[in-house]
Engineer: 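So that we are looking at the same thing, I have put the structure below in structure tokens.
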Amino acid sequence: MSGGSYNYLHTAQDLEDLHARRYDLEAMAARLAGLGYAQDAARETEELLVLFRQWETRAAVRIRRLRDLWYRVDGWDSNDDGEDDVKAALAAYRADTGGTPPP
């Protein structure tokens, strides 16, 4: 079977699998761009990489904002924290987001 040059990039089953192969995706984008006649495919491959980077950045911001709230809910459900801890964490979360869900 051929395709080993890019770690069988073409076998990616879903976005998680493709994201795990982003370095192979970068190599593929460069290879397509280097062909000279596949600029459209190179651009679209590069756009996938940009989308992954945007998602990573946006997700990281949300994770930072939500982490303590998740921790407190987990603690409450594990009987390590109480509802007041959850409410305090929720208030801090809302203060960080301006009281409205992020876009």
Side-chain angles (χ1 to χ4, degrees):
M1 178 183 214
S2 64
S5 297
Y6 301 93
N7 294 313
Y8 300 94
L9 179 64
H10 62 279
T11 65
Q13 297 295 311
D14 53 31
L15 287 176
E16 182 179 354
D17 194 9
L18 189 59
H19 184 260
R21 300 174 189 213
R22 65 188 170 278
Y23 301 109
D24 298 316
L25 200 57
E26 290 171 359
M28 180 60 75
R31 177 69 173 117
L32 289 168
L35 291 175
Y37 50 82
Q39 298 306 311
D40 52 343
R43 256 189 317 280
E44 189 162 8
T45 303
E46 290 165 354
E47 287 171 7
L48 279 172
L49 289 161
V50 168
L51 289 170
F52 278 133
R53 287 184 200 111
Q54 288 174 342
W55 181 85
E56 287 171 337
T57 300
R58 296 178 89 180
V61 167
R62 283 163 176 74
I63 289 167
R64 279 192 299 275
R65 283 199 297 246
L66 288 162
R67 185 178 290 135
D68 188 56
L69 179 58
W70 293 343
Y71 175 74
R72 296 303 175 178
V73 169
D74 185 34
W76 186 20
D77 291 350
S78 301
N79 295 316
D80 295 326
D81 286 322
E83 185 175 10
D84 289 342
D85 298 303
V86 171
K87 288 179 179 180
L90 183 59
Y93 163 78
R94 288 181 174 155
D96 192 35
T97 62
T100 59

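Quantities reported herein were computed from a predicted structural model and do not represent experimental measurements.
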Engineer: Which atom names give the shortest non-hydrogen contact between R21 and T11, and what distance separates them?
Structural biologist: NH1-OG1, 3.1 Å
Engineer: Considering only residues two or more places apart or on different chains, which pairs with a residue in residues 40-63 satisfy ring-ring contact (aromatic ring centres under 6.0 Å, His included)?
Structural biologist: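 Every pair satisfying ring-ring contact (aromatic ring centres under 6.0 Å, His included) with a residue in residues 40-63: H19-F52.
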Engineer: Using salt bridge (Lys or Arg N to Asp or Glu O under 4.0 Å) as the criterion, list what pairs up with D85, not counting sequence neighbours.
Structural biologist: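 If we apply the salt bridge (Lys or Arg N to Asp or Glu O under 4.0 Å) test to D85, skipping adjacent residues, there are no hits.
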Engineer: Show every side chain to side chain donor-acceptor pair (under 3.5 Å) that has at least one partner inside residues 69-83, sequence neighbours left out.
Structural biologist: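 Of all non-adjacent pairs touching residues 69-83, those that pass side chain to side chain donor-acceptor pair (under 3.5 Å) are R72-D81.
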Engineer: Tell me whether V50 is reachable from L18 by hopping between hydrophobic residues (I, L, V, M, F, W, Y) whose side-chain heavy atoms are closer than 4.5 Å.
Structural biologist: no
Engineer: I'd like to check the side-chain contact (heavy atoms from CB on, under 4.5 Å) partners of E16; sequence neighbours left out, ordered by chain and number.
Structural biologist: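 side-chain contact (heavy atoms from CB on, under 4.5 Å) list for E16, sorted by chain: D14.
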Engineer: Find the distance between CG (L9) and CG (D24) and round it off to the nearest 0.5 Å.
Structural biologist: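 The CG atom of D24 is 6.0 Å from CG of L9, to the nearest 0.5 Å.
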Engineer: Please determine whether residues L25 and L15 belong to a single hydrophobic cluster, defined as Ile, Leu, Val, Met, Phe, Trp and Tyr linked transitively by side-chain heavy-atom distances below 4.5 Å.
Structural biologist: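 Same hydrophobic cluster.
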Engineer: Indicate yes or no: at least one non-hydrogen side-chain atom of D68 is less than 4.5 angstrom from one of Y93.
Structural biologist: no
Engineer: Kindly list each side-chain donor-acceptor pair under 3.5 angstrom involving residues 29-45, sequence neighbours excluded, with atom names and distances?
Structural biologist:
from: Q39; atom 1: NE2; to: A33; atom 2: O; distance (Å): 2.8
from: T45; atom 1: OG1; to: A41; atom 2: O; distance (Å): 2.8

Engineer: Roughly how far apart are T57 OG1 and R62 CZ, rounded to 0.5 Å?
Structural biologist: 11.0 Å
Engineer: Can you list the residues that meet the salt bridge (Lys or Arg N to Asp or Glu O under 4.0 Å) rule with R53, with sequence neighbours excluded?
Structural biologist: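 Residues passing salt bridge (Lys or Arg N to Asp or Glu O under 4.0 Å) with R53: E26.
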Engineer: Please answer whether the main-chain N or O of D96 pairs with a side-chain N or O of R65 as donor and acceptor at a distance below 3.5 Å.
Structural biologist: no
